[in-house]
Amino acid sequence: MAYFLHDDFESGERYSPAGASSSNKRARSDRDDIHVLQEKLQIPRIRGVIDRPRLDEMLRRSLSQFSATLISGRAGTGKTTLAARFARNHETTAGWYSVESSDIEWNVFAHYFATCILKAVHSKATVADVLSDDIHASQSTIATFLINVFAEVETELDHEPLLIVLDGIHHLFDAEWFGEFFSLLLPSLPENTELLLLCRSKPPNPLWRLRSKQQLHVIDEKLLAFDLPETAALVRKLGLARADAEPAHTATFGRISKLLQFAKSRKVDRSPE
């Protein structure tokens with residue numbers, strides 16, 4: 001893909017220093033004109049869940065052994081609950097970014113990603129300090145951006161651990177810069193930095209291929225599903241009888257959203273008329 005510095009390049013007009021200055025000013029204006037919603041950078045507060053040491057240990061091992069861990073599953077499988085609980089309980093500095101479909105433009109994503117990291121490490125740097133004037137996602141732009149961002153991490157944390165959680169990266173799968181960004185991101189991570197990615201479907205090949213290179217570990221919805229002992233603990237917490245655990249597990253395949261629906265329907269069926 002070609003990236004043009006400004007629209008006149010296709011018009012046949014000759015480049016001029018004055019035109020370049022004007023273009024750079026417009027680029028900087030476009031680059032900086034992003035309103036960051038702070039609620040997208042907050043670790044979600046999850047209430048009423050039961051402890052799942054099996055998954056907590058699985059996630060802890062994965063993050064310690066691989067450059068990145070991907071939790072993949074449909075809506076309602078417990079991805080965000082697992083990650084949020086881990087981020088709140090893990091003894092690291094944690095940066096959280098809930099990605100939305102409106103973040104697919106590089107300039108928007110870069111603002112949020114940079115804000116997430118700088119906030120996590122309590123850096124005094126601003127997003128403008130780490131962004132390039134070029135708002136297009138060329139390889140050099142992405143590489144320079146990552147160098148600048150992670151230089152702040154190494155300066156502020158001095159090798160202390162950092163957890164980065166990107167929730168909802170499936171919203172970025174169609175971005176032209178997606179593969180380039182993640183291929184550069186993993187080798188750019190500072191020492192003691194753990195990367196946790198959440199998505200609803202299998203990612204594009206550039207990211208998926210990192211699995212075969214032992215850089216990416218995947219926790220899918222089969223592993224996220226409640227096993228029978230976890231189901232038993234959940235149904236008891238929801239006010240059902242121990243005998244309800246096995247039929248609940250069989251009917252829902254251990255999927256949390258279905259388990260909650262099952263418990264609700266059982267309570268309705270047993271409520272006095």
Side-chain angles (χ1 to χ4, degrees), residues 37-100 112-113 115-123 149-150 152-154 156-170 185-186 189-200 215-238 254-257 259-260 263:
L37 300 175
Q38 292 299 320
E39 54 265 33
K40 291 169 61 171
L41 305 178
Q42 303 293 329
I43 301 174
R45 294 194 175 276
I46 308 297
R47 299 177 181 177
V49 298
I50 66 169
D51 292 333
R52 301 183 71 190
R54 173 182 65 89
L55 284 182
D56 292 337
E57 177 59 20
M58 183 188 303
L59 185 52
R60 185 195 64 77
R61 277 201 320 269
S62 178
L63 288 169
S64 66
Q65 295 174 7
F66 295 87
S67 299
T69 297
L70 177 73
I71 303 179
S72 175
R74 292 166 290 175
T77 52
K79 303 182 301 299
T80 300
T81 298
L82 172 62
R85 185 178 62 241
F86 187 87
R88 289 194 176 278
N89 295 335
H90 203 43
E91 294 181 357
T92 62
T93 302
W96 185 285
Y97 171 18
S98 295
V99 181
E100 296 180 347
Y112 274 103
F113 185 84
T115 305
C116 168
I117 304 303
L118 297 176
K119 178 181 177 182
V121 301
H122 308 290
S123 173
V149 169
F150 290 131
E152 290 298 317
V153 172
E154 294 177 335
E156 298 296 335
L157 290 189
D158 190 25
H159 304 295
E160 292 181 22
L162 169 67
L163 173 66
I164 303 170
V165 184
L166 303 182
D167 184 9
I169 64 165
H170 53 275
L185 173 62
L186 269 63
L189 293 172
E191 183 182 0
N192 290 337
T193 299
E194 300 171 339
L195 178 63
L196 180 56
L197 310 171
L198 280 61
C199 66
R200 291 184 180 179
Q215 292 181 288
L216 178 72
H217 182 244
V218 177
I219 298 175
D220 61 22
E221 62 180 60
K222 291 182 180 178
L223 295 172
L224 289 173
F226 279 61
D227 59 21
L228 186 54
E230 290 169 339
T231 301
L234 179 63
V235 297
R236 288 198 301 271
K237 186 168 185 176
L238 295 174
R255 187 174 175 183
I256 180 59
S257 59
L259 282 168
L260 295 175

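Listed here is the closest heavy atom pair of Leu163 and Ala87: CD2-CA, 3.9 Å. Across all non-hydrogen atoms, the minimal contact from Arg54 to Leu223 is NH1-O, 3.2 Å. Across all their heavy atoms, Ala120 and Ala94 have their closest contact at CB-O, 3.7 Å. The shortest non-hydrogen separation linking Ile256 to Gly78 is CG2-N, 3.7 Å. Nearest heavy atom pair, residue Ala83 against residue Leu196, reads CB-CD2, 3.8 Å. The two residues Ala84 and Pro44 have their closest heavy-atom pair at CB-O, 3.6 Å.
How far NZ of Lys79 is from CG of Leu70: 10.0 Å, rounded to the nearest 0.5 Å. For the atom pair Leu198 CG and Leu166 CG, the distance stands at 9.0 Å (nearest 0.5 Å). Atom-to-atom distance recorded for Phe226:CZ and Thr77:OG1 is 11.0 Å, nearest 0.5 angstrom. The CD atom of Glu156 sits 9.0 Å away from the CG atom of Leu118 when rounded to the nearest 0.5 Å. Interatomic distance, Ser72 OG to Lys222 NZ, rounded to the nearest 0.5 Å: 11.5 Å. Atom OG of Ser62 sits about 11.0 Å away from atom CD of Glu57, to the nearest 0.5 Å.
Remark: Glu160 pairs with no residue by the salt bridge (charged side-chain N to carboxylate O under 4.0 Å, His left out) rule, at least two apart or across chains. Residues that satisfy the salt bridge (charged side-chain N to carboxylate O under 4.0 Å, His left out) test with Asp220, not counting sequence neighbours, are absent from this structure. For Phe150, there are no ring-ring contact (aromatic ring centres under 6.0 Å, His included) partners at least two apart in sequence or on another chain. In this view, Tyr97 and Phe109, Tyr112 satisfy the ring-ring contact (aromatic ring centres under 6.0 Å, His included) rule, not counting sequence neighbours. Under the salt bridge (charged side-chain N to carboxylate O under 4.0 Å, His left out) criterion, Lys40 pairs with Glu100, Asp103, sequence neighbours left out.
Contact annotation: the side chain of Trp96 approaches that of Thr80 to within less than 4.5 Å [non-hydrogen atoms, C-beta and beyond]. Inter-residue side-chain proximity for Glu154 and Glu191 is flagged as unmet; no heavy-atom pair is nearer than 4.5 Å. For the pair Glu194 and Ile164, the minimum side-chain heavy-atom distance is 4.5 Å or more. Side-chain contact between Leu195 and Phe66 is absent, with no heavy atoms from C-beta onward closer than 4.5 Å. Using a 4.5 Å heavy-atom cutoff, the side chains of Asp51 and Pro53 are in contact.
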task = Take Val99 and Asp167 through the side-chain contact (heavy atoms from CB on, under 4.5 Å) test and state the conclusion after the steps.
result = CA-CA 6 Å; Val99 181; Asp167 184 9; over 6 Å; no
ask   = Between Leu82 and Arg52, is a side-chain contact (heavy atoms from CB on, under 4.5 Å) present by the stated rule, with each step listed?
value = CA-CA 9 Å; Leu82 172 62; Arg52 301 183 71 190; 6.0 Å; no
task = Check the pair Leu162 / Asn192 against side-chain contact (heavy atoms from CB on, under 4.5 Å), numbers first and verdict last.
result = CA-CA 6 Å; Leu162 169 67; Asn192 290 337; over 6 Å; no
ask   = Going through the checks in order, is the side-chain contact (heavy atoms from CB on, under 4.5 Å) test met by Leu216 and Ser67?
value = CA-CA 6 Å; Leu216 178 72; Ser67 299; over 6 Å; no
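A distance-only check finds no donor-acceptor pair linking the side chain of His170 to the backbone of Cys199 [under 3.5 Å]. In terms of modelled atom types and a separation under 3.5 Å, the side chain of Ser257 and the main chain of Gly76 share a donor-acceptor contact. Side-chain atoms of Glu230 come within 3.5 Å of backbone atoms of Asp227 as a donor-acceptor pair (strictly under, hydrogens ignored).
Under a 4.0 Å N-O distance rule, the pair Asp56/Arg85 qualifies as a salt bridge.
Screening residues 63-74 for salt bridge (charged side-chain N to carboxylate O under 4.0 Å, His left out), with sequence neighbours left out, gives Arg74-Glu221.
Among Leu55, Ile43, Leu63, Ile71, the single residue meeting the side-chain contact (heavy atoms from CB on, under 4.5 Å) criterion with Phe86 is Leu63.
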